[in-house]
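Reviewing the structure listed below.
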Amino acid sequence: GQNIDQPTEMTATEGAIVQINCTYQTSGFNGLFWYQQHAGEAPTFLSYNVLDGLEEKGRFSSFLSRSKGYSYLLLKELQMKDSASYLCAVNYGGATNKLIFGTGTLLAVQP
Amino acid sequence: DSGVTQTPKHLITATGQRVTLRCSPRSGDLSVYWYQQSLDQGLQFLIQYYNGEERAKGNILERFSAQQFPDLHSELNLSSLELGDSALYFCASSVGVQGRDGGELFFGEGSRLTVL
């Protein structure tokens, strides 16, 4: 199977830090991606991890542990505009690049 | 604007009917993906094409079919429509098929299908 698990919803306060976790089945793993999707809009790419460790990009960072089948997205200095759904996606394709998405975590940022 | 164009944006039809959704990828992207998004199931991978050939298949129903044409645009055909097919259908494109190039997808705005 290719189950990808994320919390359904999270709430955080403006200016705070929030960590969104993602676990996945490791068999066939070939890279992990995070996407942001605002309500009624298309998903947009945030980050890519293929090796263990932390990738930092401004206020957003993403971490990967391949042996544990675990990733997290860290959002710092939260802003109201960060209220969105965050989708974890895993490339299970090998040569064919089948990108499978989790159901997403709906983040609500409160003042 | 991602550069990916999908038409139509909205479509309302009846059960048993057939519809065609169209997608034009970003200029230079060879890979096209189709996803279905419904409220209770998130983004479901349907099918992927690369340079005109089918590369990967997800949970695409037999009633659904797709193709990518020589000019790289793609069409998703949905037939014998059922109420449960109502969803947002996204097309996405990418530069390649490996590594970051294969997973950094650029999504169109989607085609919202309502089956009555």
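Please read these numbers as outputs of a predicted model, since none were measured by experiment. Proteins get letters first, then strands, A, B, ... in listed order; numbering begins at 1 in each.
- Contacts of B:Phe106 with chain A are absent, with no heavy-atom separation under 4.5 Å from either backbone or side chain.
- Between B:Phe90 and A:Pro43, the closest side-chain pair of non-hydrogen atoms falls below 4.5 Å.
- No donor-acceptor pair under 3.5 Å is formed between the side chain of B:Tyr33 and the backbone N or O of A:Leu99.
- Across all non-hydrogen atoms, the minimal contact from B:Phe107 to A:Ala42 is CB-CB, 3.7 Å.
- Cluster annotation: A:Phe60 is not connected to A:Leu74 through the hydrophobic network of ILVMFWY side chains, with a link wherever side-chain heavy atoms come within less than 4.5 Å.
- If you chain together hydrophobic residues whose side chains sit under 4.5 Å apart, A:Tyr35 and B:Leu43 fall into the same group.
- Of the possible polar contacts, none joining the A:Lys98 side chain to the B:Gly58 backbone as a donor-acceptor pair under 3.5 Å is found.
- More than 12 heavy atoms of other residues, nucleotides or ligands sit less than 6.0 Å from atom CD of B:Gln44.
- Grouped by direct or indirect side-chain proximity (heavy atoms under 4.5 Å, Ile/Leu/Val/Met/Phe/Trp/Tyr only), B:Leu116 sits with B:Ile12.
- Residues of residues 100-111 of chain A lying under 4.5 angstrom from chain B, judged on non-hydrogen atoms, are A:Ile100, A:Phe101, A:Thr103 in numerical order.
- Few gaps surround CD on A:Glu14; more than 12 heavy atoms of other groups in view lie less than 6.0 Å from it.
- Hydrophobic clustering of Ile, Leu, Val, Met, Phe, Trp and Tyr side chains at less than 4.5 Å, counting indirect connections, keeps A:Tyr72 apart from A:Ile20.
- Under a cut-off of 6.0 angstrom, the local environment of CZ in B:Arg26 is crowded, with over 12 non-hydrogen atoms contributed by other residues, nucleotides or ligands.
- Residues A:Phe33 and B:Glu104 approach most closely at CE2-N, 3.6 Å, considering heavy atoms.
- Closest approach of A:Phe45 and B:Arg100 over heavy atoms only: CE2-NH2, 3.2 Å.
- The environment of B:Asn51 atom CG is dense: over 12 non-hydrogen atoms of other residues, nucleotides or ligands sit within 6.0 angstrom.
- Contact annotation for A:Leu87: only side-chain heavy atoms (C-beta onward) come within less than 4.5 Å of a heavy atom of chain B.
- B:Val4 and B:Val32 sit in two unconnected hydrophobic clusters of ILVMFWY residues. Membership requires side-chain heavy atoms under 4.5 Å apart, directly or through other members.
- The part of B:Gln37 that comes within reach of chain A is its side chain, from C-beta onward, which places non-hydrogen atoms under 4.5 angstrom from that chain.
- Clustering ILVMFWY residues whenever any of their side-chain heavy atoms sit less than 4.5 angstrom apart, transitively, puts A:Leu51 in the very cluster that holds A:Leu73.
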